[in-house]
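Letters go in sequence order (proteins before strands), and every chain restarts at 1.
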Amino acid sequence: MSERKSDQDLARADKLRRLIEAGVDPFPRRAPRTHAVSEVVASLSGAAPEDLEARRLRVTVNGRILSVRLMGKAVFFHISDGCSKLQVYLRAEAVGPEAFERFRLFDIGDIVSVSGEVFRTRTGELTVLASGLGLLAKCLHPLPEKWHGLQDVELRYRRRHLDLIMNPEAVRVFRLRSAIVAHIRRFFDERGYLEVETPMMHAVPGGALARPFVTHHNALDLDLYLRIAPELYLKRLVVGGLEKVYEINRNFRNEGIDAEHNPEFTMLEFYEAYADHEDMMALTEVLLVGLSRSLLGRDELAYGGETISLRPPFRRLKFRQAMAEGSGLPPAAVDDRAEVVKRGEAIAPEKRPLTYGKALDVLFDKLVKPGLVQPTFILNPPREVSPLAKAAEDNPNEAARFELMIAGMEIANAFSELTDPQEQRRRFEEQVRERQKGDDESHPIDLDYIQALEYGLPPTGGEGIGIDRLTMLLAGRTTIREVILFPLLRPKE
RNA sequence: GGGCCGUUAGCUCAGUGGUAGAGCACCGGCCUUUUAAGCCGGGUGUCGCUGGUUCGAGCCCAGCACGGCUCACCA
């Protein structure tokens, strides 16, 4: 916060001083209430004026003042509990001249306690006729403008509290996000999965192909990496006999920031012994359509001007077919390594030289992915970029894997987990050779993980779903910053 | 990191090289069922920062900061 005070800050500071002089504690400890504002609104919104008059229901409600209409010897104002708004009618006659006069020291933004009977005004609005009014917290800055709310996106992210006070739509998104996570927990708990927590700090940053953040442990004098994925730890648990596990937690990747990427993001990963990626596909369909139906009440999403149907079954498309459809590369040419590399390098000259696998990735991301709007399982991508997946049954160069694309975004990624420790060692060594060629996103070798595999990982299906992107879809938001409460911003000043 | 755009009052925004504006909010006054309450009066400002051009810069130029879009990288 800046030290410079505006005229409005000064006026509020002066009111705070006068309140204290008058013996009011502007930040009291106790705030008993009989109802939340939203409880009063929910239970009485349908009550007729005569019913209210007959019931003479007396409530004490707490909330933040959002608007004030002062009319001489009476005031109307709205308070909010962050969920609902409720009008308060303060009359000098009812509350007493002293308390009424004290209201002059109250401001929009203050958090107050109101006691009184609930009635309906002439215009039909549910209202508390105040007989008592107390201050619960003085607000020392003016709130943003009431018509437009807080528009400045930078301020909305830097001062999310103001965004939440002023913009109901922002509140809706984060409540939805919470409901999504709660639904997912229920979904997996009901199916016998165990929720676990695995390390966020890794000695070997594995489980994905990405650059990590580095940190240091002083007592052990040890460089550690913030995890890029929990995958290898979760599979150790399956080796240990926890047959169904899931984790919902943060991953950290040292990459750029854009509409679909935040350096820390929330990932759901789940693993099930004796399942494969085909089973994961079916589970994914049930999870996604269930989320939409129970949270939005429908199985279609409006997103970025498109209507997206989550009704199963989702389209299934082999990677090579998708390439043929989207990139103009004939299906046969997908196996032509030289041709694929040539085309990839033509599109991304700055990344030369490309391996076959990377070139396929480039072509897919550039040409195919943007066109995949309706939910589509892209099956069997190249093995080269899937070092932790089993090979596909019908082609050793393909992975037994799928990526679920929706609205041009990768929403889920799953494979039949590679369980053969010797094959895993060869794949890691392949990755080390990529690193030596300059690929700093290749997977480092993790001998401890290989040793765990040597004890026997059962055939296992595993999947990751990005919670942020899933929330974007369900909330209809097209930037990830709209679904992360505090997205990373460069500090100001 | 590159390109484009933005940054003016607490907030939302106008502003055409010549005395910084509006609405909300705020301050003073009137108003006891209002609700984008109303009426009268008041502009409260480091025009993001630093330089430059000019008789004169919110406006033109350069650099910097932060943000947005986009490209690059990634999920």
For [X] and [N], what is the distance between atoms [atom1] and [atom2] respectively, to the nearest whole Å?
{"X": "A/Tyr89", "N": "B/C31", "atom1": "OH", "atom2": "P", "value": "14 Å"}
{"X": "A/Trp147", "N": "B/A37", "atom1": "CH2", "atom2": "C1'", "value": "12 Å"}
{"X": "A/Gln87", "N": "B/U33", "atom1": "CD", "atom2": "C1'", "value": "8 Å"}
{"X": "A/Leu162", "N": "B/G10", "atom1": "CG", "atom2": "C1'", "value": "10 Å"}
{"X": "A/Ile406", "N": "B/A75", "atom1": "CD1", "atom2": "P", "value": "17 Å"}
{"X": "A/Ile257", "N": "B/G67", "atom1": "CD1", "atom2": "C1'", "value": "12 Å"}
{"X": "A/Leu143", "N": "B/C26", "atom1": "CG", "atom2": "C1'", "value": "13 Å"}
{"X": "A/Leu90", "N": "B/U32", "atom1": "CG", "atom2": "C1'", "value": "11 Å"}

Worksheet item: Counting only non-hydrogen atoms, which of residues 56-80 of chain A are less than 4.0 Å from RNA chain B?
Response: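 Here the set is A/Arg69, A/Leu70, A/Met71, A/Gly72, A/Lys73, A/Ala74, A/Phe76, A/His78.
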
Item to complete: Output the residues of residues 113-121 of chain A in contact with RNA chain B, where contact means a heavy atom of the residue under 4.0 Å from an atom of the strand; sort by number or write none.
Response: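 Those residues are A/Phe119, A/Thr121.
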
Would you say a side-chain N or O of [X] is under 4.0 Å from OP1 or OP2 of [N]?
{"X": "A/Arg104", "N": "B/G29", "answer": "yes"}
{"X": "A/Arg481", "N": "B/C69", "answer": "yes"}
{"X": "A/Lys146", "N": "B/C11", "answer": "no"}
{"X": "A/Arg469", "N": "B/A75", "answer": "no"}
{"X": "A/Arg122", "N": "B/U34", "answer": "yes"}

Which of the following nucleotides, [options], is nearest to the side chain of [X]?
{"X": "A/Leu489", "options": "B/A25, B/G68, B/U12", "answer": "B/G68"}
{"X": "A/Ala11", "options": "B/C69, B/C11, B/C27", "answer": "B/C27"}
{"X": "A/Asp152", "options": "B/U12, B/C69, B/C27", "answer": "B/U12"}
{"X": "A/Asp7", "options": "B/U44, B/U12, B/U33", "answer": "B/U44"}
{"X": "A/Arg253", "options": "B/G67, B/G10, B/A75", "answer": "B/A75"}
{"X": "A/Arg158", "options": "B/G67, B/U34, B/A75", "answer": "B/G67"}
{"X": "A/Glu154", "options": "B/U12, B/G10, B/G67", "answer": "B/G67"}

Worksheet item: Going through the distances and angles, do A/Phe486 and A/Tyr157 end up as a ring-ring contact (aromatic ring centres under 6.0 Å, His included)?
Response: CA-CA 6 Å; A/Phe486 299 101; A/Tyr157 302 151; over 10 Å; no

Fill in: From A/Arg55, A/Arg56, A/Arg58, residue fulfilling side chain to side chain donor-acceptor pair (under 3.5 Å) relative to A/Glu117
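Exactly one option meets the side chain to side chain donor-acceptor pair (under 3.5 Å) with A/Glu117, and it is A/Arg56.
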
Practice prompt. For salt bridge (Lys or Arg N to Asp or Glu O under 4.0 Å), just list the numbers for A/Glu93 and A/Arg91, CA-CA rounded to whole Å, side-chain angles, deciding distance to a tenth of an Å, and then say yes or no.
Written response: CA-CA 5 Å; A/Glu93 208 170 68; A/Arg91 275 202 311 177; 3.5 Å; yes

ring-ring contact (aromatic ring centres under 6.0 Å, His included) involving [X] - partner list, sequence neighbours excluded:
{"X": "A/Phe428", "result": "A/His443"}
{"X": "A/Phe415", "result": "none"}
{"X": "A/Phe174", "result": "none"}
{"X": "A/Phe76", "result": "A/Tyr89"}

Item to complete: Would you check, one step at a time, whether the test ring-ring contact (aromatic ring centres under 6.0 Å, His included) holds for A/Tyr246 with A/Phe270?
Response: CA-CA 4 Å; A/Tyr246 75 99; A/Phe270 52 100; 8.3 Å; no

Worksheet item: How far apart are the C-alpha atoms of A/Tyr271 and A/Glu231, what are their side-chain angles, what is the distance that settles it, and do they pass the side-chain contact (heavy atoms from CB on, under 4.5 Å) test?
Response: CA-CA 9 Å; A/Tyr271 292 83; A/Glu231 168 149 359; 3.2 Å; yes

Please name the nucleotide paired to [N] by Watson-Crick or G-U wobble geometry with both distances under 3.5 Å, or report none.
{"N": "B/C30", "value": "B/G38"}
{"N": "B/C49", "value": "B/G63"}
{"N": "B/A20", "value": "none"}
{"N": "B/C4", "value": "B/G68"}

Discussion item. Counting neighbours of CD on A/Glu53 that are heavy atoms of other residues, nucleotides or ligands and sit closer than 6.0 Å, is the number greater than 12?
Written reply: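 Count not over threshold, so no.
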
Fill in: Nearest-angstrom distance, C1' atom, B/G58 to B/C39
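Between the two C1' atoms, the distance is 34 Å.
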
Worksheet item: With a non-hydrogen cut-off below 4.0 angstrom, is A/Lys15 in contact with a base, only sugar-phosphate, or nothing?
Response: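 A/Lys15: backbone/sugar contact only, no base atoms under 4.0 Å.
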
Discussion item. Does the structure show A/Phe265 stacking with B/A75, if we require the centres to be closer than 5.5 Å and the planes to be within less than 30 degrees of parallel?
Written reply: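 So A/Phe265 counts as stacking on the base.
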
Worksheet item: Do the side chain of A/Asp110 and the main chain of A/Asp107 share a donor and acceptor less than 3.5 angstrom apart?
Response: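 Yes: the side chain of A/Asp110 pairs with the backbone of A/Asp107.
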
